[in-house]
There are 2 protein chains.
Amino acid sequence: MAVTLADVATRAGVSAATVSRVLSGNYPVAGATRTRVLRAVEELQYVVNGPASALAAATSDLVGILVNDIADPFFGIIAGAVQSEMGEGPAGGTGGQKLAVVCNTGGSPESELTYLTHLQRQRAAAVVLTGGAVEDEEHGAAVAARLRRLAAGGTRIVLCGRPPLAPAAGEEGKGSPEGGAGDEPDEGDGIVTVAFDNRGGSRRLTEHLLSLGHRRIGYVAGPAHSTTTRHRLEGHRLALGEHSAGLLAQAEHFTVHGGDYDRSSGYDGALELLRRVPDLTAVVAANDTVALGICAALRDQGKHIPEDVSVAGFDDLPFSADASPALTTVRIPLHDAGARAGRLALGRETPPPGGVATVRVELMVRASTAVPAGRTD
Amino acid sequence: MAVTLADVATRAGVSAATVSRVLSGNYPVAGATRTRVLRAVEELQYVVNGPASALAAATSDLVGILVNDIADPFFGIIAGAVQSEMGEGPAGGTGGQKLAVVCNTGGSPESELTYLTHLQRQRAAAVVLTGGAVEDEEHGAAVAARLRRLAAGGTRIVLCGRPPLAPAAGEEGKGSPEGGAGDEPDEGDGIVTVAFDNRGGSRRLTEHLLSLGHRRIGYVAGPAHSTTTRHRLEGHRLALGEHSAGLLAQAEHFTVHGGDYDRSSGYDGALELLRRVPDLTAVVAANDTVALGICAALRDQGKHIPEDVSVAGFDDLPFSADASPALTTVRIPLHDAGARAGRLALGRETPPPGGVATVRVELMVRASTAVPAGRTD
DNA sequence: CTGTTAGCGCATTCAC
DNA sequence: GTGAATGCGCTAACAG
């Protein structure tokens with residue numbers, strides 16, 4: 001690490017400033033000197049000192065991507081897409097390169113805050129937060145506050161698959177001309193969001209089940225206090241309620257609140273559901289992974305899918321189409337969403353009006369859902 | 001971002017040095033002043049400037065984790081485990097906190113080098129490289145060289161699931177007392193590796209198939225030029241060769257070299273295999289994901305698993321036990337391996353002798369493999 | 001086009 | 001136990 005800019009300058013017989021200029025590439029330098037400098041860099045195996053550079057320029061090339069579970073392809077796909085948008089800066093050189101890194105919060109709000117602090121320390125160029133947020137007053141406020149500070153400091157903030165920030169406390173009366181609008185996302189802080197239509201997708205999914213003739217539909221929900229969990233559940237109940245008040249009334253009894261978005265939540269949830277409602281004809285899962293756990297449990301109980309019980313997931317992860325039977329689910333264009341978030345983070349795409357873009361989701365009807373056995377029409 | 005150490009100092013009525021000291025926590029400071037400083041920090045919402053701090057201290061808290069595919073749980077599990085080892089530094093404060101970040105190379109050697117350069121720029125405290133390496137003379141040498149420079153600069157390097165570095169070129173005659181040992185991993189460069197026994201696991205898996213009575217065993221290999229691919233294939237053929245020369249001779253014909261470690265490689269590979277050897281009784285996959293693709297293809301061809309064809313995977317990812325039928329595979333203790341790599345990266349665990357630790361793998365026999373149909377003993 | 005001059009914000013000697 | 005001074009390595013005005 002000993003070799004510095006000055007060493008290169010000496011070696012090339014130029015000033016440090018010149019070396020800096022050829023390296024950043026954003027300044028005219030004579031071809032001959034450039035070559036000389038580059039050769040010196042090569043010979044000395046010089047590598048820029050990031051901290052020093054960041055300090056002097058007051059900018060960083062770090063872009064953070066926060067995910068709730070790095071072992072979950074849902075986040076992997078988004079993160080990969082975000083990352084794929086970095087790399088090719090407008091200029092050709094190594095200059096505009098961003099270092100996109102993903103930080104695994106494990107869904108813990110504390111960890112989320114810790115990472116945000118770290119990123120703020122590093123003066124990150126941008127940070128992308130993916131996936132549902134924990135619905136906790138205190139932490140929510142803390143995260144929002146930190147995000148606003150980051151944004152104020154010039155860090156671009158993008159929310160992907162996470163609902164927009166609520167307006168800051170005490171913001172409403174603060175000279176806003178339109179008065180107490182109150183519940184609309186505040187603009188102007190520069191925080192942009194790419195939202196998933198969890199509610200709408202979930203609703204369509206349940207409508208599909210209803211239209212097939214299902215009336216006893218179980219629901220294995222995701223982690224408590226997660227925005228995603230809530231939105232999907234709301235969509236489900238919206239569909240139920242639109243069909244009949246009776247269905248909506250029994251919804252709570254047909255819902256089990258699983259733990260994480262993992263296989264065992266589905267497995268255990270399905271068992272519990274079967275205990276409560278032995279003649280269940282369909283189960284909706286918080287997501288595809290949970291759905292697979294549900295399938296396993298049903299099979300272990302001697303139930304056939306979809307003959308005895310229909311099962312549906314959410315997300316349409318790659319493995320869902322290959323499951324047996326292939327899973328009916330709601331496709332979220334995770335890659336597109338992530339790519340867009342990446343472009344937004346780089347300021348390469350103009351933010352949507354209002355700062356919120358909602359990506360469309362699509363119902364994927366496959367083999368795991370069918371007309372319930374009792375139905376003969 | 002405007003608020004600096006000096007601001008806090010002024011506010012607290014102390015010198016910048018004192019503020020620095022209470023923040024780093026590694027220096028005696030009077031209780032009263034400490035409280036005063038901390039309050040000022042709080043009031044001003046001060047956050048350390050990472051670059052400045054790193055520059056002055058010549059150290060960084062960045063730890064990089066390189067993965068080949070961030071959407072693959074194989075890497076997610078390892079990365080998550082590595083990350084879980086960071087966070088609780090020896091001291092209590094926010095001082096010893098490391099920022100563990102994962103970088104997605106997509107399996108591309110260029111990208112790998114780019115990330116290593118970035119990490120070197122940032123003077124990363126450590127970098128963990130996970131998963132198989134691409135077997136390419138040139139890139140291998142380039143990566144090795146860069147890793148050695150990083151290590152020389154004080155960055156800890158840990159290889160996890162990747163074979164140890166070959167000795168540096170021209171190193172053999174360079175005053176090494178024991179002369180041209182040549183093909184043993186060079187120690188002394190401080191690069192430590194946690195290796196997976198891919199060869200041994202693969203061998204045991206194929207032995208299992210042979211012992212069941214299978215003789216026409218197809219193999220859908222992983223990406224070409226990957227160390228992992230090669231090692232697993234070698235283990236497979238080792239088992240074949242030990243059983244009979246005939247099996248080994250036809251091995252190449254029974255092997256299809258799929259593309260990536262994904263579902264479609266398995267699907268397409270199985271189809272090709274069936275074309276070549278219609279009366280196949282078993283197929284071994286490069287990994288579990290590929291195995292699932294194989295299962296899908298076989299089902300689409302009207303084959304039953306395991307009655308008509310047995311299928312086996314590798315890695316034992318969480319979903320494998322839930323597949324239907326449950327997948328016979330080789331379990332790699334990914335979490336343990338990652339955790340160990342993390343500890344090694346932090347210097348919290350003493351490196352194994354020789355710098356290489358090999359983690360044991362375990363054959364998991366489940367429902368996807370059975371005695372072939374023709375066999376009646 | 002290139003060299004010179006100042007800091008960037010902090011950690012760390014030294015003194016006190 | 002605390003303050004004052006110095007420099008980490010680089011970039012960004014300025015001159016020339």
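Because only heavy atoms are used, hydrogens play no part in the values below, and waters and symmetry mates are left out as well, while side chains stay in. A note on names: the letters A, B, ... follow the listed sequences, proteins ahead of strands, and every chain is numbered from 1.
Closest heavy-atom contact between Arg34(B) and Val22(B): NH2-O, 4.1 Å. The heavy-atom pair separating Ala337(A) from Cys160(A) by the smallest distance is O-SG, 4.0 Å. Across every non-hydrogen atom of Asn104(B) and Gly80(A), the tightest pair is ND2-CA, 4.0 Å.
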Only distances under 3.5 Å count here; give the side-chain donor-acceptor pairs of residues 26-33 of chain A to other protein atoms, sequence neighbours excluded, each with its distance to 0.1 Å.
| residue | atom | partner | partner atom | Å |
| --- | --- | --- | --- | --- |
| Thr33(A) | OG1 | Ala30(A) | O | 2.8 |

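Position along DNA chain D of the nearest nucleotide to Arg34(B) versus Leu55(B) favours Arg34(B) as the more 5'-ward residue. Between Arg21(B) and Ala54(B), the one whose closest nucleotide on DNA chain C sits nearer the 5' end is Ala54(B). Ranked by how close their nearest DNA chain D nucleotide is to the 5' end, Ala57(A) and Tyr27(A) are led by Ala57(A).
The side chain of Ser53(B) sits closest to dC10(C) out of dC10(C), dC8(D), dA4(D). The side chain of Pro28(B) has dG1(D) as its nearest neighbour among dG1(D), dG7(C), dC10(C). Of the candidate nucleotides dG9(D), dG1(D), dC1(C), dG9(D) has the atom nearest to the side chain of Thr4(A).
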In sequence, state the C-alpha distance, the side-chain angles, and the governing distance for Leu38(B) and Glu42(B), and then conclude on side chain to side chain contact (heavy atoms under 4.5 Å, CB included).
CA-CA 6 Å; Leu38(B) 256 19; Glu42(B) 192 58 38; over 6 Å; no

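Distances shorter than 4.0 Å separate none of the side-chain N or O atoms of Ser15(B) from OP1 or OP2 on dT2(D). Checking the phosphate oxygens (OP1, OP2) of dT2(D), no side-chain nitrogen or oxygen of Thr18(B) falls inside 4.0 Å.
Across the protein-nucleic acid pair, Asn26(A) atom CG and dA12(D) atom C1' stand 10 Å apart, rounded to whole Å. A straight line from CZ of Arg121(A) to C1' of dC10(C) spans 13 Å, rounded to a whole angstrom. The interatomic distance linking Leu5(B) (CG) with dT12(C) (P) rounds to 12 Å, in whole Å. Between Arg36(A) atom CZ and dC1(C) atom P the separation is 15 Å, expressed in whole Å. Atom CD of Gln122(A) is separated from atom P of dC8(C) by 20 Å (rounded to the nearest Å). For the pair Leu23(B) CG and dT12(C) C1', the interatomic distance rounds to 15 Å; values are reported in whole Å.
Using a 4.0 Å heavy-atom criterion, one finds that Val19(B) contacts no nucleic acid atom at all. Residue contacts for Ala58(A): at a heavy-atom cut-off of 4.0 Å it reaches no nucleic acid atom on any strand shown.
Within residues 43-52 of chain B, the residues approaching DNA chain C are Tyr46(B), Asn49(B), Ala52(B), by heavy-atom distance under 4.0 Å.
Thr18(B) and Ser15(B) share a donor-acceptor pair across their side chains, judged by distance under 3.5 Å alone.
With hydrogens and angles ignored, the 3.5 Å screen pairs a side-chain donor or acceptor of Gln83(A) with a backbone N or O of Ala100(A).
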